[in-house]
Amino acid sequence: MASLAERVKPREFLSRSGPLWGLVILCVVMTILSPYFLTFNNLFNVGTQIAVIAILALGQTFVIVSGGIDLSVGSVLGLAGIVFGWATAVANLPLPLALALGVGAGASAGLINGLLITLGNLPPFIATLAMLSAARGLALVISGGVPLNPIPGPILSLGSGDLLGFVPLPVILMLVMWAITVGILRSTYAGRAMYAIGGNEEASRLSGINVSRQKLLIYTLSGLFAGIAGILLTARLASAQPQAGFTFELDAIAAVVIGGASLSGGVGSASGTLIGALILGVLRNGLNLLNVSAFWQQVVIGAVIALAVMTDTLRRRKK
Amino acid sequence: MSPLLEMRGITKRFPGVTALDGVDFELERGEVHVILGENGAGKSTLIKMLSGAYQPDEGEILFEGEPVRIHSAAVAQGLVISTIYQEFNLVPQLTVAENVFLGRQPRRLGIVDRRRMREQARRLLERIRVRVDPDAPVSALGVAQRQMVEIAKALSLEARVLIMDEPTASLSGQEVQRLFEIVRGLKQEEVGVIFISHHLEEVTEIGDRVTVLRDGRLVGQVPATTDHSELVRMMVGRSIEDQFPRRRPEIGDVLLKVRDLSREGVLEELSLRVRAGEVVGIAGIVGAGRTELARAIFGVDPVDSGEVWVEGRRMERFDPREAKHRGIGFATEDRQGQGIVPPLSVAENLALASLERYTRAGLLNRREERSQAEKMIEDLNIRTPGPDQEVRYLSGGNQQKVVIGKWLLADSRVLIMDEPTRGIDVGAKVEIYELMNELTEQGAGILMISSDLPEVLGMSDRILVMAGGRITGELSGEEATQERVMTLATQGSETAVG
């Protein structure tokens, strides 16, 4: 009975269709410009390259949907990698425990962000800016400023292995995290609370939603995702490096915003974010294939971010 | 000679509402023309056409007989039409003189000539006999003095039309008299003054002519000497009975009991009861502490002492979650800011206060949520293209129904409604009243705060009047009249907060 327009949620439709078309057009252009672009090999290559950023961005999506921002994810990623590296390479702890410590360090950093914001009454920008500095500092303190080695075999194969002989494991991990994010945002109480708090925090509070508790959860999730991204990056680099993830928060925020989320909160989706990360990845990959210098690539990516958000704003205003 | 200003057949539509419908208005030189009307009658919309904030969809504006299009504040300034709004347009950090000449400071070689600016400001302030230091920062001034600075600013523009939107709302009796002296001085200088006020005494004292608006239409234009009951009849229009279709159901047990609720400087030992089937109205002037009372009961703001009981059980904490679980719902006065979540859909907004019900182990049962929402949309006759429509695109009346529906889904038995029909179309208002009837017939109790006196009188079974953070009187529906309510509302208002 319900027509298509009724079944497709306007919010999801809006935040998904625009970026998706952008990605499609970008891929078409790249296919025309470079014969190598549209090959399995190259596409999985793109997927592997963006996996870390995409996981960070998925965690960031919770935060941005709820009207906040998390500037610390890059540093938290670095801290999680170093804690893991220290646990396995220096303390020789069993792998599961080392993994738990690494990911737990990320989640703890996120929880502290949440406490600073709720109990400390700090604006998210300031709280996570402080964590950006502190987490990076801690990573340097723990590692003594040098890479930690060796990384155990199973983790190394997470970085470079594949499934069925052709799907890289980082891509699999990214898709799993995407599916989890979709589930949380769409089908849990917490996910609905994120949209509600981002859309109108006061109305949410007056509707009996425990805003503080939800915020703790939101920032902890972001830290947890950063922790998982930290393990993945360590696996890819085959060593835990204190400077890993430096400035990644900017790419993560860019991916979320290109994916159609609004920094004022209440709007955004997991699929949008994944597409945003893909747009960034395809763009970098394509520009490499076309031999555009790394310097110019940064200029182009800056322009794409501005363009993506501008078209989004224009489209919204037209309604 | 043609009038100073003329508006002919002005029509303005907003989505879902016709704010003005073919309104005529004229202003002579040296005249004080009062615009009277209830909230939502279209007064603000009309004057915003003159300040350049809105443009009419139909009709024309003539200035000294010449058609003009006021499409921006700059055009209004060019025509020397000045508006003094209720909320001031002053920059608190700047001085009085800087504010008076904001954006057009006297300059010499591109540099602000501070001495000349101060001197001119001083002369302007003298002209309206106000003793304010031109070098004082505006933040150091009281409300009345700020108003005077606004007037000085308008004078510095050599305003020929001065629009004053409820200028006396925050002034004391003495200050009002001073303001009126200034207005009389302006009349001598051939300035045309458009004066918006709710106080009928002021209308008679300062006005020459009165234009009455109702529901966006021109009701009539009469001399300011017209007697007050006639003016009220013109403003309200229909007889109160048709407009407020209150049916009185059986009164049941006490649902809400508030005892000695106090908060220093805001609420003073407030006690009240709301029974099942009852609509209890709370009347009072702005600043009497009515919204503060509602927020205290619902646990939004902290209290110093007092108790709230719901259905015979005392609330343990003052907290919105606790209040919700005990069966209290709160439809706030600020629908946009505190009621709805604009980017979420109608269904999601409806479910907002009852999410726990659809949640098992953290997972939402979205099918159940949706079917409940669909049922509520039908029950309350919420006009929306579908449950997935973003709530921001609904009209004010339908948004209000969504807010009420949200609390019904949360099984609220006591509804606190703060200004339930503010900014809502007349037709939708009656629907909200009908809804209040049905809810009380089903055994709910409603605590209704309203500044709309006819609404309080028409819909309440009992009326509590507040002033200065206290309840100054209780009237039954039968014995309540506008005069009795106003007498109680202004009692001890010298000590009123805010």
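Here is how names work: the chains are called A, B, and so on, in the same order as the sequence lines, proteins then strands, and each is numbered from 1.
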*Asks:* Taking the side chain as everything from C-beta on, heavy atoms only, tell me whether B:Gln338 gets closer than 4.5 Å to A:Arg205.
*Replies:*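 A side-chain contact is absent here, since even the closest heavy-atom pair is not under 4.5 Å.
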*Asks:* So, does A:Asn200 use its side chain to make a donor-acceptor pair with the main chain of B:Gln336 at under 3.5 Å?
*Replies:*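 Yes, A:Asn200 side chain to B:Gln336 backbone: donor-acceptor pair under 3.5 Å.
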*Asks:* Mind checking the CG-CD1 spacing from B:Leu352 to A:Ile209? Nearest 0.5 Å is all I need.
*Replies:*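 With rounding to 0.5 Å, CG (B:Leu352) is 4.5 Å from CD1 (A:Ile209).
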*Asks:* Anything under 3.5 Å between a donor and an acceptor, one on a side chain of residues 99-109 of chain A, the other on a protein residue two or more places apart or in another chain? List them.
*Replies:*
residue, atom, partner, partner atom, Å
A:Ser108, OG, A:Gly104, O, 2.6

*Asks:* For B:Ser354, is it the side chain, the backbone, both, or neither that has a heavy atom closer than 4.5 Å to a heavy atom of chain A?
*Replies:*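 For B:Ser354, there is no contact with chain A at all, as no heavy atom is under 4.5 Å.
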*Asks:* Only heavy atoms, only distances under 4.5 angstrom. Which residues in residues 318-329 of chain B are near chain A?
*Replies:*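 Only B:Pro320, B:Arg321, B:Lys324 of residues 318-329 of chain B have a heavy atom under 4.5 Å from chain A.
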*Asks:* Do B:Val300 and A:Glu202 have side-chain heavy atoms sitting under 4.5 Å apart?
*Replies:*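 When only atoms from C-beta onward are counted, A:Glu202 and B:Val300 do touch, with a gap below 4.5 Å.
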*Asks:* Could you look at B:Tyr358 and say if it's the side chain, the backbone, both or neither that has a heavy atom under 4.5 Å from chain A?
*Replies:*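 Neither part; nothing is under 4.5 Å.
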*Asks:* Check B:Lys406 against A:Ala203 and note the closest heavy-atom contact, atom names and distance.
*Replies:*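 Looking at all heavy atoms of both residues, the closest pair is NZ-O, 4.5 Å.
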*Asks:* Heavy atoms only, distances under 4.5 angstrom: which of A:Gly198, A:Gly265, A:Gly199 has the most pairs with chain B? Name it, please.
*Replies:*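 Answer, by heavy-atom pair count under 4.5 Å with chain B: A:Gly199.
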*Asks:* Could you state the interatomic distance from CG (B:Leu364) to OH (A:Tyr189), rounded to the nearest 0.5 Å?
*Replies:*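 One finds 9.0 Å between CG of B:Leu364 and OH of A:Tyr189.
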*Asks:* I need the residue from B:Asn349, B:Ile340, B:Asp334, B:Thr332 with the largest number of non-hydrogen atom pairs under 4.5 Å to chain A.
*Replies:*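 The answer is B:Ile340.
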